[in-house]
Visitor: 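I'd like to ask you about the structure that follows.
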Amino acid sequence: MSNEDRDSYDPSAVEEKWQRLWDERGTNSHTLEEIESAENTFYNLMMFPYPSAEGLHVGNIYAFTGADVHGRYQRLQGKTVFEPMGFDAFGIHSENFALKVGTHPMDLIPSNVKNFTRQLRRIGLMSDWTHSVDTTDPAYYKWTQWIFVQLFKAGLAERKEAPVNWCPSCMTVLANEQVISGACERCGTPVEQRRIAQWFFKITKYAQRLLDNLEQIDWSETTRKAQGNWIGRSEGAQLRFPVLDEHGEDTGTEVEVYTTRPDTVFGATYMVLSPEHPLVDEVTEDGHQPPVFAYRDEATRTDLIARQKVDKTKTGVFTGGHCRNPATGQAMPIWIADYVLMEYGTGAIMAVPGHDGRDFEFATQFDLPIVRVVASPDDDADTPLESAYDVGPGTLVNSAHFDGTDVSESVAAVTDWARDNGWGDARVNYRLHDWCISRQRYWGPPIPIIHCDACGPVAVPDEDLPVILPRVEDFKPDDSGISPLARVAEWYETTCPDCGEAARRETDVSDTFLDSGWYFLRYPSTDFEDRAFDADITRRWLPVDMYIGGNEHAVLHLMYSRFITMVLKDLGHLDFEEPYDVFRAHGLIIAEGAKMSKSKGNVVIPDPIIEEFGADAFRAYLMFLGPYEEGGDYQAQGIQGPFGFLHRLWDTATTAEDSEPDVDVERKVHQTIKQVSQQMPALGFNTAIAALMECLNTIRAGGRTAKRAEIEPLVPMVAPFAPHLAEELWQRFGNDGSIFDGKSWPTHDEAKTVESVVEIAIQVNGKLRGQISVARDMSEEDVVAAARSDENVARHLGGGEERRVIYVKERLVNFVIT
RNA sequence: GCCGGGGUGGUGAAAUCGGUAAACACAGGGGACUUAAAAUCCCCCGCCUGAGAGGGCUUGCGGGUUCGAGUCCCGCCCCCGGCACCA
């Protein structure tokens with residue numbers, strides 16, 4: 001390099017220069033022609049952020065940087081990488097904030113987006129800003145609404161009155177996924193139950209497929225497990241119990257229960273309905289109505305947090321009614337109790353206190369009979385039960401002709417018998433519920449439905465989409481459960497698209513998870529206004545090659561977007577049904593050993609750090625501080641390591657000499673290329689950076705001046721972490737254009753990685769007693785002989801008789817003596 | 001309770017297949033260069049013991065397998081994240 005290039009590393013100047021050049025040259029963006037004709041494509045997706053007013057958080061930057069590092073690595077491998085970025089800007093979060101500060105979200109969001117965009121550029125992401133999305137843009141939510149219409153027409157969207165989770169603070173319904181231990185995910189307020197008419201997507205129809213496909217997709221294990229648990233498949237039986245009148249005769253009504261242990265039906269001694277169960281009125285006998293109804297009202301009023309507390313003592317009341325156990329023919333009392341949940345199974349259970357812990361506790365408390373129907377190998381039919389025997393081996397007892405059946409076969413046997421006698425069937429049940437997508441809020445895409453008295457709910461015709469969210473100044477939700485839009489008559493009054501009569505628009509808006517359920521389909525096709533996504537482009541670029549994001553979305557966003565993709569495939573709009581080939585969850589970043597929080601005062605604020613050390617050093621440090629998929633501890637001083645490394649790299653590269661490389665140094669360089677090339681695709685960023693540091697230390701050892709051939713390969717290898725610095729050095733080494741435009745990643749020569757001399761550890765009885773350096777190809781005999789002659793080793797061998805010699809090539813010799 | 005992920009120096013962390021535990025950094029100590037500082041370079045840095053050579057101990061705890069275990073097996077403890085009366 002020439003003399004005038006020998007200046008010192010100035011991160012802000014270099015970063016500013018390259019960010020400008022990337023923009024000017026379109027280095028990171030793709031024209032429509034490029035999108036339509038790209039070969040060797042790689043769709044590198046990261047979870048788009050909610051653009052908060054506070055600006056970009058280190059957690060965001062950590063996630064995006066890791067994804068960007070991967071995208072840049074793929075690009076250096078010669079892939080045509082598409083790395084878009086957008087904004088998930090609808091939803092309660094924005095709306096609550098807007099209410100708090102008294103600014104309309106339609107004014108707030110654009111300024112937040114602008115600020116986010118600035119910050120995202122500053123950290124050097126290679127986002128293609130010509131293909132961005134903003135979920136609040138009518139040009140985007142037109143297609144969100146179109147997707148709703150597609151599901152509606154396919155019979156997968158249904159409006160029904162259902163008990164829903166109501167957050168009295170946010171004044172909206174919440175999906176089950178948004179309720180954490182009975183409290184609102186956002187504000188922590190205990191959630192109430194309300195019955196409101198809601199739109200649901202029938203995701204449960206896809207439960208089995210969503211579960212089955214988990215086996216074939218390359219996802220982080222933790223995420224797959226979380227999805228599997230969330231779907232919660234269980235196998236059992238649905239059994240029907242006839243309700244009896246006061247004379248013990250069948251009334252013709254039956255109560256259905258779901259159980260995973262139909263084989264214990266002989267031990268069912270009472271029945272419990274959820275307080276909300278529709279048959280409660282019917283089975284309750286006259287004298288019992290006051291306490292039953294009082295209990296039910298109390299249960300409805302009690303918030304879920306209190307109600308679902310596991311350690312509280314069980315409560316319940318007897319309805320006075322009875323049903324008949326179809327296995328034993330005995331009458332069983334019917335109770336209601338809030339430990340039975342309406343939303344799981346059928347909302348009713350057969351209680352088998354002998355073999356279910358909850359039923360045992362309840363029966364003990366209310367003095368209900370407990371019958372043993374399973375005997376473990378140590379027990380017999382009459383052994384008293386001190387607690388429920390719910391798992392473990394055994395055989396059926398007190399179960400008529402099933403006595404002696406092993407529990408391994410009993411479920412199938414009893415289910416078959418129930419089916420043959422017409423009172424039961426095998427049944428698979430899922431924990432997963434249908435997806436409630438209605439929100440009684442303002443800040444979301446209006447659900448594109450028109451309610452007509454004559455025609456019922458009618459989809460807004462495609463040509464009338466989008467249904468624009470009107471700007472209204474009074475968008476505060478209230479406790480009525482009615483949406484803010486229901487106060488805007490001039491907006492909701494319309495005519496029926498089918499019959500032309502006066503009709504009313506749906507005034508609920510949709511869940512933000514619908515917005516994010518398909519955004520990855522939109523990015524490559526943002527050039528088109530007449531279609532949600534272009535078929536050819538979608539075929540070319542999707543499914544997504546790599547999706548990186550946080551595990552907090554393991555069961556929410558990821559499940560819903562898989563579902564939407566499956567539906568669109570079934571409707572003929574896509575030819576794949578899993579949206580993300582590979583998904584990797586990144587870890588969480590903490591600061592100084594503790595979770596970041598304002599109260600602890602350990603929140604890392606990115607802007608001043610970038611100001612002082614540069615985006616490259618910040619990126620490199622974030623990737624260095626721990627394994628990407630596990631997260632790490634951000635310690636303010638730590639950035640000195642990577643910062644110093646980049647400095648030294650700059651100095652070394654800008655002073656390199658054009659002469660022959662040193663063989664030992666060259667070997668280290670080739671070893672490093674080999675190692676880093678292995679670690680990068682596996683997201684082993686921290687160890688890749690460590691290897692690069694080690695290599696640079698070797699190049700500079702003893703203050704030696706680098707040879708160009710030694711230092712040059714480090715430039716592309718550091719490029720994913722420090723893209724600006726790499727571009728500058730690449731240019732100074734005489735290259736035109738961007739380092740990211742070609743296949744710039746170096747390749748190693750295996751022959752040049754081989755050491756001629758190796759260190760051998762010498763052990764005596766497994767304890768290290770010496771070390772020798774030998775030629776790599778020295779024979780076993782010679783190595784062992786050399787080992788034996790080591791002074792210290794010889795001393796330890798002195799006393800005993802040699803039994804064995806273990807020789808591990810190029811590694812160690814272990815003498816086993818007695 | 002269930003499902004994940006962890007537990008290694010003062011700190012963040014490394015360790016392909018069971019083969020020299022602590023790479024790479026931060027912090028700390030010492031030195032060179034410098035009028036000085038910064039930057040840079042060199043050395044030390046798990047614990048105990050020893051003048052040194054060396055020796056003993058050490059990957060949450062207790063067992064086991066093995067010539068050899070951070071790594072494999074069995075039984076525990078603790079921390080983090082998620083779910084939780086799911087019948």
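Numbered from 1 within each chain, the chains take letters A, B, ... in sequence-line order.
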Visitor: Take Arg296(A) and Val280(A), measure what side-chain contact (heavy atoms from CB on, under 4.5 Å) needs, and give me the verdict at the end.
Guide: CA-CA 9 Å; Arg296(A) 177 169 62 185; Val280(A) 171; 3.9 Å; yes
Visitor: Which one, rC26(B), rC86(B), rC67(B), comes nearest to the side chain of Ile806(A)?
Guide: rC67(B)
Visitor: Counting just side-chain N and O atoms, does His796(A) come under 4.0 Å of either OP1 or OP2 of rG55(B)?
Guide: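 Result: yes.
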Visitor: In whole Å, what separates the P atom of rA37(B) from that of rA32(B)?
Guide: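 One P to the other, the span is 12 Å.
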Visitor: Sticking with atom C1', work out how far rC77(B) lies from rA23(B), rounded to a whole angstrom.
Guide: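 Approximately 30 Å lies between the C1' atom of rC77(B) and that of rA23(B).
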Visitor: Taking atom C1' in both rG55(B) and rG30(B), what distance in whole Å separates the two?
Guide: 27 Å
Visitor: Using atom P in both nucleotides, what's the gap between rG31(B) and rC24(B) to the nearest angstrom?
Guide: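 Straight-line distance between the two P atoms is 24 Å.
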Visitor: Once you apply a heavy-atom cut-off of 4.0 Å, does Asn697(A) come out as touching a base, just sugar-phosphate, or nothing?
Guide: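 Sugar-phosphate, no base atom in range.
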Visitor: Sticking with atom C1', work out how far rG9(B) lies from rG70(B), rounded to a whole angstrom.
Guide: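 Rounded to whole Å, the distance is 14 Å.
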Visitor: Base, sugar-phosphate, or nothing for Ser234(A), non-hydrogen atoms under 4.0 angstrom?
Guide: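 Touches sugar-phosphate only.
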Visitor: Would you mind telling me which of rG55(B), rC86(B), rA15(B) lies closest to the side-chain atoms of Thr687(A)?
Guide: rA15(B)
Visitor: Provide the Watson-Crick or G-U wobble partner of rU40(B), both distances under 3.5 Å; none if there is no partner.
Guide: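 Paired with rU40(B), as far as the under-3.5 Å criterion goes, is rA32(B).
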Visitor: Glycosidic conformation of rG55(B), syn or anti, with 90° from 0 as the boundary?
Guide: anti
Visitor: Given the side-chain rings of Phe618(A) and Phe613(A), with only the six-membered ring counted for Trp, is the space between their centroids under 6.0 Å?
Guide: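 No, the ring centres sit 6.0 Å or more apart.
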Visitor: Verify side-chain contact (heavy atoms from CB on, under 4.5 Å) between Leu341(A) and Glu343(A), making sure each step is shown before the conclusion.
Guide: CA-CA 5 Å; Leu341(A) 308 176; Glu343(A) 53 283 9; 4.1 Å; yes
Visitor: Which of these nucleotides, rC24(B), rG19(B), rC86(B), is closest to any side-chain atom of Val808(A)?
Guide: rG19(B)
Visitor: Could you check whether Asn792(A) gets within reach of a base, just the sugar-phosphate, or nothing at all, counting any heavy atom under 4.0 Å?
Guide: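 Sugar-phosphate contact only.
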Visitor: Starting from the C-alpha separation in whole Å, work towards a yes-or-no answer on side-chain contact (heavy atoms from CB on, under 4.5 Å) for Val665(A) and Lys707(A).
Guide: CA-CA 9 Å; Val665(A) 175; Lys707(A) 306 298 184 288; over 6 Å; no
Visitor: Taking only the side-chain heavy atoms of Tyr344(A) (C-beta and beyond), determine which of rG55(B), rC24(B), rA87(B) contains the nearest atom.
Guide: rA87(B)
Visitor: CD1/Ile349(A) to CZ/Phe362(A) distance, rounded to the nearest 0.5 angstrom?
Guide: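 Reported value, rounded in 0.5 Å steps: 8.5 Å.
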Visitor: If the P atom of rC76(B) is compared with that of rC3(B), how far apart are they to the nearest Å?
Guide: 13 Å
Visitor: Any side-chain N or O of Arg700(A) below 4.0 angstrom from OP1/OP2 of rC41(B)?
Guide: yes
Visitor: Base, sugar-phosphate alone, or nothing: which one does Arg431(A) contact when heavy atoms must sit under 4.0 Å apart?
Guide: base
Visitor: Look at the side chain of Gln640(A) and decide which nucleotide, out of rU40(B), rA27(B), rC83(B), has an atom nearest to it.
Guide: rA27(B)
Visitor: With a 4.0 Å cutoff (strictly under), does any side-chain N or O of Asn686(A) reach OP1 or OP2 of rC24(B)?
Guide: no
Visitor: Tell me which nucleotide among rG19(B), rG55(B), rG12(B) gets nearest to the side chain of Arg769(A).
Guide: rG55(B)
Visitor: Check every strand shown and say whether Leu812(A) touches a base, only sugar-phosphate, or nothing at a heavy-atom separation below 4.0 Å.
Guide: base
Visitor: Going by purine N1 to pyrimidine N3 plus the second Watson-Crick contact, or the G-U wobble pair, all under 3.5 Å, which nucleotide sits opposite rG81(B)?
Guide: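 Checking every strand shown, rG81(B) finds its partner in rC3(B), with both distances under 3.5 Å.
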Visitor: Indicate, yes or no, whether a donor-acceptor pair under 3.5 Å links the base of rU20(B) to the side chain of Gln771(A).
Guide: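 Indeed, a donor on one side and an acceptor on the other fall under 3.5 Å apart.
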Visitor: Determine whether a donor-acceptor pair (one donor, one acceptor, N or O, separation below 3.5 Å) exists between the side chain of Lys314(A) and the base of rC85(B).
Guide: yes
Visitor: Which nucleotide sits closest to the side chain of Thr222(A): rA14(B), rG4(B), rA25(B)?
Guide: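 Per side-chain heavy atoms of Thr222(A), the pick is rG4(B).
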Visitor: Need the glycosidic conformation of rC17(B): syn if within 90° of 0, anti if not. Which one?
Guide: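 Chi for rC17(B) falls in the syn range.
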Visitor: Does any nucleotide pair with rU20(B) by Watson-Crick or G-U wobble geometry, both distances under 3.5 Å, and what is it?
Guide: none
Visitor: What is the nucleic acid contact for Gly702(A), judged by heavy atoms within less than 4.0 Å: base, sugar-phosphate only, or nothing?
Guide: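 Gly702(A): backbone/sugar contact only, no base atoms under 4.0 Å.
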Visitor: Evaluate the ring planes of His586(A) and Tyr628(A), with Trp represented by its six-membered ring, and classify them as parallel (under 30°), tilted (30 to 60°) or perpendicular (over 60°).
Guide: tilted
Visitor: Please work out if Arg803(A) contacts a base, only the sugar-phosphate, or nothing of the nucleic acid, heavy-atom cut-off 4.0 Å.
Guide: nothing
Visitor: Any strand counts, and the cut-off is 3.5 Å on both contacts for Watson-Crick or G-U wobble. Which nucleotide pairs with rU8(B)?
Guide: none
Visitor: Consider the side chain of Tyr258(A), meaning its heavy atoms from C-beta on, and name the nucleotide among rG4(B), rG12(B), rA87(B) that approaches it most closely.
Guide: rA87(B)
Visitor: Would you measure the distance from the P atom in rA14(B) across to the matching atom in rU66(B) and give it in whole Å?
Guide: 32 Å
Visitor: Would you say Asn229(A) reaches rA84(B)'s phosphate, i.e. side-chain N/O to OP1/OP2 under 4.0 Å?
Guide: no
Visitor: What integer number of Å spans the P atoms of rU11(B) and rG7(B)?
Guide: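 My reading of the P atoms in rU11(B) and rG7(B) gives 14 Å.
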Visitor: Can Arg358(A) and Glu361(A) be said to form a salt bridge (Lys or Arg N to Asp or Glu O under 4.0 Å), step by step?
Guide: CA-CA 5 Å; Arg358(A) 297 153 300 184; Glu361(A) 187 191 333; over 6 Å; no
Visitor: In terms of side-chain heavy atoms of Arg795(A), which of rG54(B), rA14(B), rA87(B) is nearest?
Guide: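 Shortest atom-to-atom distance from the side chain points to rG54(B).
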Visitor: Look through every strand shown and name the nucleotide pairing with rA69(B) as Watson-Crick or G-U wobble, where both distances are under 3.5 Å.
Guide: none
Visitor: Which part of the nucleic acid, if any, lies within reach of Tyr634(A) when heavy atoms closer than 4.0 Å are counted: base, sugar-phosphate only, or nothing?
Guide: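 It contacts nothing in the nucleic acid.
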Visitor: From Thr698(A) OG1 over to Asp664(A) CG, what is the distance, rounded to the nearest 0.5 angstrom?
Guide: 10.0 Å
Visitor: From C-beta outward on Leu625(A), which listed nucleotide comes closest to its side chain: rG12(B), rC67(B), rC86(B)?
Guide: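 So the side chain of Leu625(A) is nearest to rG12(B).
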